[in-house]
Structures are given as C-alpha cells and as structure tokens.
**Q** 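I have a structure here, written as structure tokens, and I will follow up with some questions on it.
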Amino acid sequence: MPNDHAQLLDALRRDYEAKFLNSKAAHQRAKEVLVDGISHGARLFDPYPFRVRSANGARVTDIDGNTIIDFWQGHYANILGHNPDVVRDVLTQELD
C-alpha cells in the first residue's frame, strides 16, 4: 500500500514555507546564536517555527503578517490570553 499521506505532507510543507518566509530567515539568523535557533525546545518544530511579532487575547501575529489563533497558549496565556488589559494596565500604571 503506498504512502498516501506523503503528498499531502509535502504540499503542507510547501504551503507553510511559502507563507512564513520571514520566519524562515529569522530562524536561520537565530541558529547562529541560539541552540537550534530557539529559546525553548518545545517551540521547535519542522521545518522551523513561525516568529511572533505581537500577541493579544487568543491571537498572535507573526513577522510575516499572518494572524494565527494560539491553541498552545503557553506561559499562562491560557488563563487570561496574551497581553491582557487587566495585567497590562496595572503594570503600566506602576511603571509610570
């Protein structure tokens, strides 16, 4: 029986690489100064991770301009979302 999903995986990889070109370049630069080009091994996936520019609520925007729903929600973002007003406003007030 042939490996029917190989073509799908190849197509998905090509689509990913076409959509995240700036992330690919950033990952290549990061590999020069970070082990495997990433600060946390759990974020490393093939062919390379997308690089986040900003995050708010459940969404992140990468350096290529793609907005992605963050189902991973690491580092307690799953409790309040990314950059929650309730935390940001208090921190801003205290820092001012």
Side-chain angles (χ1 to χ4, degrees):
M1 178 180 243
N3 187 353
D4 294 333
H5 67 279
Q7 288 181 339
L8 174 61
L9 292 175
D10 288 342
L12 289 170
R13 183 185 187 102
R14 284 191 305 274
D15 289 349
Y16 181 90
E17 290 182 355
K19 191 170 188 169
F20 298 97
L21 290 173
N22 292 328
S23 289
K24 181 177 184 176
H27 185 64
Q28 292 301 320
R29 288 191 307 273
K31 285 171 49 176
E32 296 174 11
V33 295
L34 296 170
V35 175
D36 293 328
I38 197 80
S39 62
H40 191 290
R43 292 182 183 87
L44 181 60
F45 53 86
D46 191 42
Y48 50 85
F50 58 86
R51 301 294 171 149
V52 175
R53 171 169 284 145
S54 63
N56 195 7
R59 289 174 170 73
V60 296
T61 301
D62 72 351
I63 63 175
D64 290 281
N66 302 302
T67 299
I68 304 157
I69 296 175
D70 184 5
F71 290 105
W72 194 326
Q73 297 270 319
H75 299 294
Y76 296 103
N78 58 343
I79 296 172
L80 298 173
H82 294 284
N83 197 24
D85 295 341
V86 66
V87 175
R88 186 184 61 245
D89 293 347
V90 171
L91 286 174
T92 301
Q93 181 180 1
E94 290 300 316
L95 290 171
D96 284 345

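Quantities reported herein were computed from a predicted structural model and do not represent experimental measurements.
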**Q** Check whether any side-chain heavy atom of L12 sits under 4.5 Å from a side-chain heavy atom of H5, and report yes or no.
**A**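 Result no, sub-4.5 Å side-chain heavy-atom pair not found.
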**Q** So do R59 and I68 actually touch side chain to side chain, heavy atoms under 4.5 Å?
**A**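 No, every pair of side-chain atoms sits at 4.5 Å or beyond.
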**Q** Are the side chains of S23 and D64 in touch, meaning some heavy atoms are under 4.5 Å apart?
**A**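 In contact.
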**Q** Same cluster for F20 and F45 if Ile/Leu/Val/Met/Phe/Trp/Tyr side chains link at under 4.5 Å?
**A**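 Cluster IDs for F20 and F45 match.
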**Q** Of all heavy-atom pairs between H82 and D70, which one has the smallest distance, and what is that distance?
**A**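 Smallest interatomic distance, heavy atoms only, reads NE2-OD2, 2.6 Å.
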**Q** Which residues, ordered by chain and number, are linked to I69 in its hydrophobic cluster, where ILVMFWY side chains connect at heavy-atom gaps below 4.5 Å, directly or through other members?
**A**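 Traced through the cluster, I69 reaches F71.
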**Q** Identify the heavy atoms of S39 and L34 that sit nearest to each other, and give their distance.
**A**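 It is N-CD1, 4.3 Å.
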**Q** Pair up each side-chain donor or acceptor in residues 86-96 with any protein partner under 3.5 Å, not counting sequence neighbours, and list the distances.
**A**
| from | atom 1 | to | atom 2 | distance (Å) |
| --- | --- | --- | --- | --- |
| R88 | NH1 | N83 | O | 2.9 |
| R88 | NH1 | N83 | OD1 | 3.3 |
| R88 | NH1 | D85 | OD1 | 3.4 |
| R88 | NH2 | D85 | OD1 | 2.4 |
| T92 | OG1 | R88 | O | 2.8 |

**Q** Counting C-beta onward and ignoring hydrogens, is there a side-chain heavy-atom pair between R53 and D62 closer than 4.5 Å?
**A**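 A side-chain contact under 4.5 Å is absent here.
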**Q** What verdict does the side-chain contact (heavy atoms from CB on, under 4.5 Å) test give for R51 and V60, after you've listed the backbone C-alpha separation in whole Å, the side-chain angles of each residue and the deciding distance to 0.1 Å?
**A** CA-CA 10 Å; R51 301 294 171 149; V60 296; over 6 Å; no
**Q** Rounded to the nearest 0.5 Å, what's the gap from CZ on F50 to NZ on K19? Could you check?
**A**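 If I round to the nearest 0.5 Å, the distance is 10.5 Å.
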**Q** Can you measure from CG (N22) to NZ (K24) and round to the nearest 0.5 angstrom?
**A**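 Taking CG in N22 and NZ in K24, the distance rounds to 12.0 Å.
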**Q** Measuring from atom CG of D46 to atom CG of L9, what distance do you get when rounded to the nearest 0.5 angstrom?
**A**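 So the gap between those two atoms works out to 10.5 Å.
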**Q** What distance separates Q28 CD from Y48 OH, expressed to the nearest 0.5 Å?
**A**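 Q28 atom CD to Y48 atom OH measures 9.0 Å (nearest 0.5 Å).
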